[in-house]
2 protein chains.
Amino acid sequence: MSLAVINYHQGMSRWEPNARGRLLQAALELYVERGFEQTTVAEIAKLAGLTERTFFRYFADKREVLFWGAAALQELLVSTVAGAPDSEAPITVIGTAIEAAGAVFQEGREGALLRQSVIAANAELQERELIKLASLASAMADALRKRGVSDPGASLSAEAGIAVLKIAFERWINETSPQDLPQLIRELFAELKVVTGAT
Amino acid sequence: MSLAVINYHQGMSRWEPNARGRLLQAALELYVERGFEQTTVAEIAKLAGLTERTFFRYFADKREVLFWGAAALQELLVSTVAGAPDSEAPITVIGTAIEAAGAVFQEGREGALLRQSVIAANAELQERELIKLASLASAMADALRKRGVSDPGASLSAEAGIAVLKIAFERWINETSPQDLPQLIRELFAELKVVTGAT
DNA sequence: AACGTCATGTCAGCGAATGACATCGCTCTC
DNA sequence: GAGAGCGATGTCATTCGCTGACATGACGTT
């Protein structure tokens with residue numbers, strides 16, 4: 001890994017565009033090189049050519065930088081659930097949505113690996129990841145209820161889907177030669193079916 | 001709610017026993033009265049007749065006070081899983097363990113209500129709760145593997161069990177006249193079976 | 001009575017986060 | 001094209017969570 005020699009603002013004056021992007025890139029680089037705890041917000045801001053105060057105008061806290069993509073993922077899941085044919089069973093709808101999420105992760109696996117290695121090394125980041133996942137489950141359950149799915153079933157299906165995503169992602173990220181993530185997700189849904197009550 | 005008039009050390013000198021207990025009680029009282037964020041560690045320590053530094057010798061951080069019971073819960077879950085008859089299916093073993101946890105919550109519902117109202121009002125506390133739940137799932141999955149359950153199934157069963165516990169607890173805590181929690185858990189496991197499409 | 005040990009106190013300091021206010025650069029208008 | 005307005009950024013001060021280093025007090029042992 002190379003040291004942080006690049007200064008993302010260099011000769012730039014104030015008002016250089018893409019402040020959020022510069023902060024994002026600077027933070028990721030430092031988190032990967034030194035680790036999350038060993039990186040201060042002041043360092044990130046300096047590398048991006050901004051001040052500490054500005055960092056907190058773009059990101060609620062030091063952790064949030066790593067979870068910037070969560071909103072888009074939530075939109076994908078919700079819209080996939082909302083757009084599914086009315087005839088499909090709730091668990092099938094959730095399965096389709098989770099597979100779509102898996103396909104997104106599959107592109108850009110290198111970035112996901114880097115990001116996950118940072119998260120795996122820090123408990124605070126794992127906490128943040130878990131609450132994002134819980135938020136995804138909650139949003140999917142809402143989307144199911146809008147389709148007329150009644151309540152214990154909606155929550156259970158959504159939570160089950162997130163559980164599958166967690167386990168599938170973990171396996172996929174730890175594989176040296178990765179298999180197809182959506183397919184792995186499909187297999188885990190099948191396994192879940194077996195596990196919960198094969199007679 | 002009464003203001004914090006009680007000083008848990010009063011005329012006590014140094015070396016008064018049960019420092020952890022006093023900190024626990026002081027923290028809970030202040031969290032309930034003022035809310036978690038509005039309570040400083042210095043205030044907790046003062047109410048307990050100790051110093052801020054000593055608080056951090058007993059609790060890793062300000063949040064951990066509210067999760068002191070998690071270790072005992074984990075032991076209960078793991079030992080229940082470990083002690084189940086060999087003939088039982090993994091999901092049944094998990095179901096028994098989760099029901100046992102539910103029974104523990106059922107005693108002391110008032111305390112659980114108070115605790116949960118504090119947690120519900122603060123995102124950081126929800127994060128900590130989620131990582132504790134994830135830790136419970138991980139511990140149960142380990143316990144299943146020691147019984148010879150192979151890996152995708154062990155993780156899936158454990159995560160499904162935790163999902164059921166989450167949903168059951170949430171419903172139970174929001175009921176004015178609460179039904180039997182272990183029974184609610186049993187019903188949710190049945191519903192999960194239906195939802196996943198197990199025939 | 002001296003000693004060692006363990007719990008607690010004291011002190012100094014770092015870093016995350018936030019509020020209040022100043023300042024800079026762009027754009028729009030007259 | 002000079003000034004007004006405005007949004008993005010900087011500056012400053014402060015609070016609070018948390019930690020390390022070291023001092024001190026109480027207790028049991030010999």
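By convention in this document, chain letters (A, B, ...) are assigned in the order of the sequence lines, proteins followed by strands, and residues within each chain are numbered from 1.
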In whole Å, I'd like the distance from the [atom1] atom of [X] to the [atom2] atom of [N].
| X | N | atom1 | atom2 | answer |
| --- | --- | --- | --- | --- |
| A:E43 | C:dC14 | CD | C1' | 12 Å |
| B:L50 | C:dA7 | CG | P | 13 Å |
| A:L23 | C:dA16 | CG | P | 14 Å |
| A:N122 | C:dG15 | CG | P | 16 Å |
| B:Q38 | C:dT18 | CD | C1' | 14 Å |
| B:E124 | C:dA16 | CD | P | 14 Å |

Fill in: Mutual orientation of the aromatic rings belonging to A:F169 and A:F105 [parallel < 30°, tilted 30-60°, perpendicular > 60°]
tilted
Discussion item. Taking the basic N atoms (NZ, or NE/NH1/NH2) and the acidic carboxylate oxygens, is any pair closer than 4.0 Å for A:K62 and A:E124?
Written reply: no
Worksheet item: Is it true that B:R57 and B:E52 make a salt bridge, defined as a side-chain N closer than 4.0 Å to a carboxylate O?
Response: no
Fill in: Distance below 4.0 Å between B:Y58 side-chain N/O and C:dA7 OP1 or OP2
no
Practice prompt. Would you indicate, yes or no, if D:dT11 has its OP1 or OP2 atom less than 4.0 angstrom from a side-chain nitrogen or oxygen of A:T51?
Written response: no
Worksheet item: Are any side-chain N or O atoms of B:Q126 and backbone N or O atoms of B:A120, one a donor and one an acceptor, separated by less than 3.5 Å?
Response: yes
Fill in: Donor-acceptor under 3.5 Å (A:R147 side chain, A:P85 main chain)
yes
Worksheet, complete the sentence: Quick tally for nucleotides 16-22 of chain D: nucleotides whose base has a protein heavy atom under 4.0 Å get B, sugar-phosphate-only ones S, the rest -, giving SSBBBB-
Worksheet item: With the 4.5 Å side-chain cut-off for hydrophobic clustering, are B:V78 and B:L136 part of the same group?
Response: no
